[in-house]
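What follows is a short report on a single structure.
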Amino acid sequence: MSVMPPDPIHLADPAIGHHAPLDARVSKLETAMDYVRDDIRNLRLELRDTRNELRGEIHDVRTDVRLVLGSLITVGLGLAGMMAKGFHWL
């Protein structure tokens with residue numbers, strides 16, 4: 001005797017304990033997809049905000065690096081000038 005496979009339209013719902021109709025299952029899936037869409041939308045907004053914050057931080061770091069390098073070059077050239085004058089190279 002062959003066993004018939006379960007009807008794909010009426011699969012058992014463990015939360016209810018019996019077979020759920022197709023409309024109820026589709027409704028659950030649509031509701032779940034709405035939540036997934038909202039979550040994805042929120043993640044995109046958070047990523048956009050994070051990207052904008054990082055761009056601002058990178059700009060600040062670039063400015064700081066340029067300031068430090070400019071200061072080091074100025075100090076180095078000043079020290080080289082003082083050494084040149086002290087050793088009577090100039």
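- Distance check, rounded to the nearest 0.5 Å: CG of L90 to CE of M82 gives 12.5 Å.
- For V75, there are no side-chain contact (heavy atoms from CB on, under 4.5 Å) partners at least two apart in sequence or on another chain.
- With side-chain heavy atoms closer than 4.5 Å counting as contact, directly or through intermediates, L54 stands alone and belongs to no larger hydrophobic cluster.
- The CZ atom of R51 sits 12.0 Å away from the CD1 atom of I58 when rounded to the nearest 0.5 Å.
- Annotation: ring-ring contact (aromatic ring centres under 6.0 Å, His included) contacts involving residues 67-87, sequence neighbours excluded, comprise F87-W89.
- Residues passing the side-chain contact (heavy atoms from CB on, under 4.5 Å) test with N52, sequence neighbours excluded: R48, R55.
- Checked by atom type and distance alone, the side chain of T63 pairs as donor or acceptor with a backbone atom of H59 at under 3.5 Å.
- In the hydrophobic clustering, where aliphatic and aromatic side chains (Ile, Leu, Val, Met, Phe, Trp, Tyr) are joined below 4.5 Å either directly or transitively, V68 groups with L72.
- No continuous path of ILVMFWY side-chain contacts below 4.5 Å connects L69 to L77, so the two sit in separate hydrophobic clusters.
- In this structure, V36 shares a hydrophobic cluster with I40, the cluster being traced through Ile, Leu, Val, Met, Phe, Trp and Tyr side chains under 4.5 angstrom apart.
- One finds the CG atom of D49 at 14.5 Å from the CZ atom of R44 (value rounded to the nearest 0.5 Å).
- Rounded to the nearest 0.5 angstrom, L43 CG and T50 OG1 are separated by 10.0 Å.
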